[in-house]
Amino acid sequence: MLHEHKVLTTGQIVELCYPSVRAANHRLLDLYKWRVLDRFQPFVTSGTAPMHYVLDIAGSAALAYEDGLDPKQVGYRHEDAIGIAHSLRLAHTVGVNGLFTSLVALGQRPNARGELIAWWSERRCGRLFGDMVRPDGYGRWCEDRCQVEFFLEFDFGTEDLRKLARKLYGYETLAAATGIATPVLVWLPTSRREANARKSLADALSQLDRPALVPVATSASDVTATVGGGNSPASARWLPLSPSPTRRPGRLQLAELWPQTDASGTVTPSAAVQQQTSAEIAAPEPFPPSAPTSQFRR
């Protein structure tokens with residue numbers, strides 16, 4: 001997951017695959033000592049930032065050999081991995097990853113109704129669709145035998161809203177090229193910014209030749225949802241940009257946004273363009289692997 005998504009905080013790693021922070025910290029300390037992972041703690045003006053983890057040299061070698069690759073083929077450079085500590089996009093990357101890890105955690109709860117079954121990073125999306133559009137991530141949520149796939153645009157409040165709206169042209173081009181209309185979910189920091197963004201997005205959507213190819217829904221971090229998973233991204237917090245007579249009005253749960261009922265025959269948006277090479281590590285499954293039947297004693 002760190003190779004795919006660059007950086008994860010301790011809390012996000014706990015959401016992905018550990019029962020508690022204590023259990024995660026014990027294991028993460030070992031992985032850090034073995035140089036499987038590296039870590040850093042960003043400076044903040046108040047309080048204490050969580051520990052941030054990135055892949056280290058031993059970890060990249062293990063991943064390469066696991067997939068039968070030469071370590072040089074995976075394109076890992078430690079200075080690039082740890083360099084994200086000084087990147088201006090660190091907070092944005094952590095925010096995107098946090099949205100997806102919260103979906104993974106939701107799917108691991110007892111009696112969970114849904115689960116995240118695919119999660120691609122911005123880099124992987126860029127390799128596949130970068131000549132048309134560069135989403136912040138791609139996911140597929142499965143709930144009640146329905147699947148909803150989506151591209152994520154994570155707005156941190158610093159991007160010009162007109163620039164954000166212009167991305168819809170790229171999504172229209174991608175949908176036309178693949179023949180698949182994939183929903184675009186826009187996450188914003190506040191309800192006020194969401195209202196302004198919806199105006200810009202609606203104006204851009206009205207100027208598209210085929211607006212039906214770009215389904216858009218928005219949400220904000222301060223929106224309070226009362227249905228479906230509390231205030232998680234799967235709850236009733238998404239507001240479609242274009243009304244539909246087949247949907248109920250108001251904010252919808254993630255599973256209610258343009259669901260595909262035939263989950264077994266779902267085609268990913270990459271079907272027409274993906275060229276998976278032998279020298280590329282496949283996207284990891286969002287859910288952790290099953291626990292081994294026997295474990296070594298420490």
Side-chain angles (χ1 to χ4, degrees), residues 96 99-100 102-104 106-107 112-120 125 128-129 132-133 135-155 164-165 167-188 194 197-198 200-220 223 225 227-229 232-274 286:
V96 172
L99 187 146
F100 281 101
S102 65
L103 287 174
V104 176
L106 181 63
R113 295 177 54 190
E115 63 177 358
L116 187 70
I117 60 176
W119 172 19
W120 293 354
C125 291
L128 296 174
F129 321 119
M132 292 170 277
V133 71
D136 292 320
Y138 160 80
R140 194 187 304 166
W141 177 257
C142 182
E143 184 175 333
D144 296 334
R145 298 185 179 181
C146 292
Q147 292 189 12
V148 176
E149 58 179 0
F150 59 91
F151 288 121
L152 176 68
E153 288 291 340
F154 191 92
D155 176 71
L164 174 65
K167 293 182 179 181
L168 298 187
Y169 294 94
Y171 285 110
E172 181 189 34
T173 303
L174 176 62
T178 61
I180 305 168
T182 304
V184 179
L185 305 186
V186 183
W187 184 273
L188 299 122
E194 182 189 13
R198 289 179 63 85
S200 298
L201 291 167
D203 183 59
L205 194 66
S206 66
Q207 298 180 38
L208 298 182
D209 295 331
R210 289 171 288 182
L213 292 180
V214 191
V216 180
T218 64
S219 186
V223 168
V227 179
S232 78
S235 60
R237 61 183 312 131
W238 296 101
L239 189 60
L241 196 61
S242 302
S244 171
T246 60
R247 291 193 305 265
R248 63 179 177 83
R251 295 191 180 266
L252 305 176
Q253 297 181 57
L254 181 58
E256 296 176 302
L257 295 171
W258 307 285
Q260 300 168 342
T261 55
D262 184 13
S264 61
T266 299
V267 180
T268 70
S270 65
V273 297
Q274 183 171 13

| task | Apply side chain to side chain contact (heavy atoms under 4.5 Å, CB included) to the pair Leu185 and Leu254, showing each step before the final yes or no. | result | CA-CA 10 Å; Leu185 305 186; Leu254 181 58; 3.6 Å; yes

| Does the side chain of Leu208 reach to within under 4.5 Å of the side chain of Leu213, using non-hydrogen atoms? | no

| query | Does a side-chain heavy-atom distance below 4.5 Å link Gln207 with Tyr169? | reply | yes

| task | Take Val186 and Arg198, measure what side chain to side chain contact (heavy atoms under 4.5 Å, CB included) needs, and give me the verdict at the end. | result | CA-CA 9 Å; Val186 183; Arg198 289 179 63 85; over 6 Å; no

| query | Within a strict 4.5 Å, meaning less than it, do heavy atoms of the Leu174 and Thr182 side chains meet? | reply | no

| task | Of all the heavy-atom pairs spanning Pro135 and Phe151, show the shortest one and how long it is. | result | CG-CD2, 3.6 Å

| said: Could you work out, with salt bridge (charged side-chain N to carboxylate O under 4.0 Å, His left out) as the rule, every residue matching Asp144, not counting sequence neighbours? | reply: Arg113

| note | Residues Leu205 and Pro211: closest non-hydrogen pair is O-CB, 3.5 Å

| message | Contact between Glu115 and Glu143 at the side-chain level, heavy atoms closer than 4.5 Å - yes or no? | response | no

| message | With a 4.5 Å cut-off on side-chain heavy atoms, are Asp136 and Phe100 touching? | response | no

| task | Start with the C-alpha gap between Glu256 and Val148, add the side-chain angles, then the distance that decides, and say whether side chain to side chain contact (heavy atoms under 4.5 Å, CB included) holds. | result | CA-CA 8 Å; Glu256 296 176 302; Val148 176; over 6 Å; no

| message | So Pro240 and Leu257, do their side chains get closer than 4.5 Å, heavy atoms only? | response | yes

| task | Grab the two heavy atoms, one from Glu194 and one from Ala220, that are nearest each other, plus how far apart they are. | result | OE1-CB, 3.8 Å

| Minimum-distance pair of heavy atoms, taken over all atoms of Ala204 and Leu168 | CB-CD1, 4.2 Å

| field | Nearest atoms (heavy-atom pairs only) where Leu201 meets Ala165 | value | CD2-CA, 3.8 Å

| task | Kindly compute the distance separating OG (Ser232) from CD (Gln253), expressed to the nearest 0.5 Å. | result | 8.5 Å

| field | Donor-acceptor contact present, side-chain Ser235 to main-chain Arg237, <3.5 Å | value | no

| said: Please determine whether side chain to side chain contact (heavy atoms under 4.5 Å, CB included) holds for the pair Gln147 and Trp141, giving the CA-CA distance in whole Å, both sets of side-chain angles, and the decisive distance to 0.1 Å. | reply: CA-CA 6 Å; Gln147 292 189 12; Trp141 177 257; over 6 Å; no

| query | Side chains of Tyr171 and Glu153: closer than 4.5 Å at any heavy-atom pair? | reply | yes

| Residue pair Trp120 / Leu128, side-chain heavy-atom distance below 4.5 Å | yes

| CG on Leu164 to OG on Ser200, rounded to 0.5 Å | 8.0 Å

| remark: What one should report as the nearest heavy-atom pair of Ala202 and Leu241 is N-CD2, 3.8 Å

| OG1-CG distance between Thr218 and Leu239, expressed to the nearest 0.5 angstrom | 5.0 Å

| said: Is the distance between the ring centroids of Trp187 and Trp238 under 6.0 Å? | reply: yes

